[in-house]
Amino acid sequence: MKYTFLLLLTFELFACSSKPTGPHVIYLDKLDHQGTVAVNDQYGPGYYRYALIGNTPNSPDSLRQIILKYVDSTVNNEDVEKKYIRYFIQFYRLSDNTKSYIKGKEDFWDIHNDINQELQDYLGEYRYERCKDDSSHGLWTLEVAGKRDTLENKCNR
């Protein structure tokens, strides 16, 4: 009985301490920032979000799929389109340079400047911007490995 208990305790300790082995997204909620922004000569609310990706795949196609899967499960595009004229989630590689962002910082702009200084860890961005001539529609894009793809363009319909 004593050995069974020790075996179960050991199993629980290892099970609780295991870390994800595949690619995984760490959303940095402490870095969320909302404020007034200018997009195509329009002023309105913007929402900026950040995430780290651990165990990042080397393939841009695999990275694109990870980002799309993440945003499909966390972003309500209709709500974003109703509330914001700009919305984005920037993705960075989880590295020694970026792991401190998980803790957050007091001043958003300190974080924003720090993150932008770590461009070697920049992976991509999921973005919405309101159309220039149509305040009720917008453009959704995804940038990965320096290549920007249009996911949905509701401008000039």
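Fair warning: this is a prediction, and the values are worked out from it, not measured in the lab.
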Tell me, please, which residues at least two apart from Y47 pass ring pair (Phe, Tyr, Trp, His ring centres under 6.0 Å).
-> Y84, Y87
Any chain of hydrophobic side-chain contacts (each under 4.5 Å) joining F88 to L31?
->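 Yes, F88 and L31 fall within the same hydrophobic cluster.
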Are Y50 and I26 co-members of a hydrophobic cluster defined by side-chain heavy atoms under 4.5 Å apart?
->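 Yes, same cluster.
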With sequence neighbours left out, what residues match [X] under side chain to side chain contact (heavy atoms under 4.5 Å, CB included)?
X: P57; value: P23, S62, L63, I66
X: R64; value: L68, L142, V144, D149, L151
X: T150; value: L139, T141, N153
X: T74; value: Y70

Looking only at heavy atoms, what is the nearest atom pair of [X] and [Y], with distance?
X: R86; Y: A38; value: NH2-O, 3.6 Å
X: K132; Y: D41; value: CE-OD2, 4.4 Å
X: D121; Y: S95; value: OD2-OG, 2.9 Å
X: L28; Y: Y101; value: CD2-O, 3.7 Å
X: G44; Y: I85; value: N-CD1, 3.3 Å

May I ask you to test the I53-I67 pair for a side-chain heavy-atom distance under 4.5 Å?
->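 In contact.
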Can you measure from CZ (F91) to CD (E143) and round to the nearest 0.5 angstrom?
-> 12.0 Å
From the list D72, D79, N77, side chain to side chain contact (heavy atoms under 4.5 Å, CB included) partner of V75 resolves to N77
Sequence-distant partners of K83, salt bridge (charged side-chain N to carboxylate O under 4.0 Å, His left out), two or more places apart |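 If we apply the salt bridge (charged side-chain N to carboxylate O under 4.0 Å, His left out) test to K83, skipping adjacent residues, there are no hits.
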Donor-acceptor pair, R130 side chain versus E81 backbone, under 3.5 Å?
-> yes
